[in-house]
Amino acid sequence: LSGAWRVQEILTGHESLCKRTFRMEVDIFQALFDKLREKKLLADSKVLAVKEQVAIFLYAVSKNATNETLPDWLQHSAEPISRRFGLVLDAITRLTNVYIRPPSLNPHPILSKPQFYPFFQV
């Protein structure tokens, strides 16, 4: 299967397939894809559509896949996969200021234990 067909098969297949492959439900994948498109953080390239780019990133992160195994899985050469992985990482990083908030006034109980606090200080 080509990468686009494989991604489409995963997203339209059994609900557990997307969870196993990308470690998220289809609707969450779709929401992430929509948000990246809506904010114009990613665009289709000549070789890879945005859905495929997001799928590459999520598959690599969830499976600890290397740049040697991804080309086989998606039927693309390593260079565009590597480049697009970096672009998706940058795009998702830009979303952090929207979705990750500073801790509330009531810190998590683990932060009150002095032996753990240095690890969460930064």
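Remember, it's a predicted structure, so these values are computed and weren't measured experimentally.
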Checklist line | Nearest heavy-atom neighbours spanning V7 and A55 | finding: CG2-CB, 3.5 Å
Checklist line | Heavy atoms from other residues, nucleotides or ligands near CD of E15 exceed 12 (cutoff 6.0 Å) | finding: no
Check: Who pairs with K39 by side chain to side chain contact (heavy atoms under 4.5 Å, CB included), at least two apart in sequence or on another chain?
Finding: K35, L41, L95
Item checked: Interatomic spacing from NZ in K51 to CD1 in I10 - rounded to 0.5 Å -> 12.0 Å
Note to self: Tell me the closest heavy-atom pair linking P80 and L48, and the distance in Å.
What the structure shows: O-CD1, 4.0 Å
Next item on the list: Work out which heavy atom in A49 is nearest to a heavy atom in D44; give both atom names and the distance.
Entry: CA-OD1, 3.3 Å
Next item on the list: Might you confirm whether atom CZ of R83 has over 12 heavy atoms from other residues, nucleotides or ligands at distances under 6.0 Å?
Entry: yes
Next item on the list: Considering non-hydrogen atoms only, spot the tightest contact between I81 and I56 and give its length.
Entry: CG2-CG2, 3.7 Å
Item checked: Heavy-atom donor-acceptor pair, Q53 side chain to V88 backbone, under 3.5 Å -> no
Side-chain donor-acceptor distances from residues 57-66 under 3.5 Å, at least two apart:
| unit_1 | atom_1 | unit_2 | atom_2 | d |
| --- | --- | --- | --- | --- |
| S62 | OG | T21 | O | 2.9 |
| S62 | OG | L58 | O | 2.9 |
| S62 | OG | Y59 | O | 3.4 |
| K63 | NZ | R20 | O | 2.7 |
| T66 | OG1 | E68 | N | 3.2 |
| T66 | OG1 | T69 | N | 3.3 |

Note to self: Can you confirm whether R84 sits close enough to V47 that some side-chain heavy atom of one is under 4.5 Å from a side-chain heavy atom of the other?
What the structure shows: no
Item checked: Non-hydrogen side-chain atoms of L32 and I28 separated by less than 4.5 Å -> no
Checklist line | Any residue meeting side chain to side chain contact (heavy atoms under 4.5 Å, CB included) with D34, in chain and number order, not counting sequence neighbours | finding: Q30
Note to self: Just verifying a value: how many Å separate D90 CG and F85 CZ, rounded to the nearest 0.5 Å?
What the structure shows: 10.0 Å
Notebook entry, point to check: To the nearest 0.5 Å, what is the distance between NZ (K40) and CZ (R94)?
Noted result: 13.5 Å
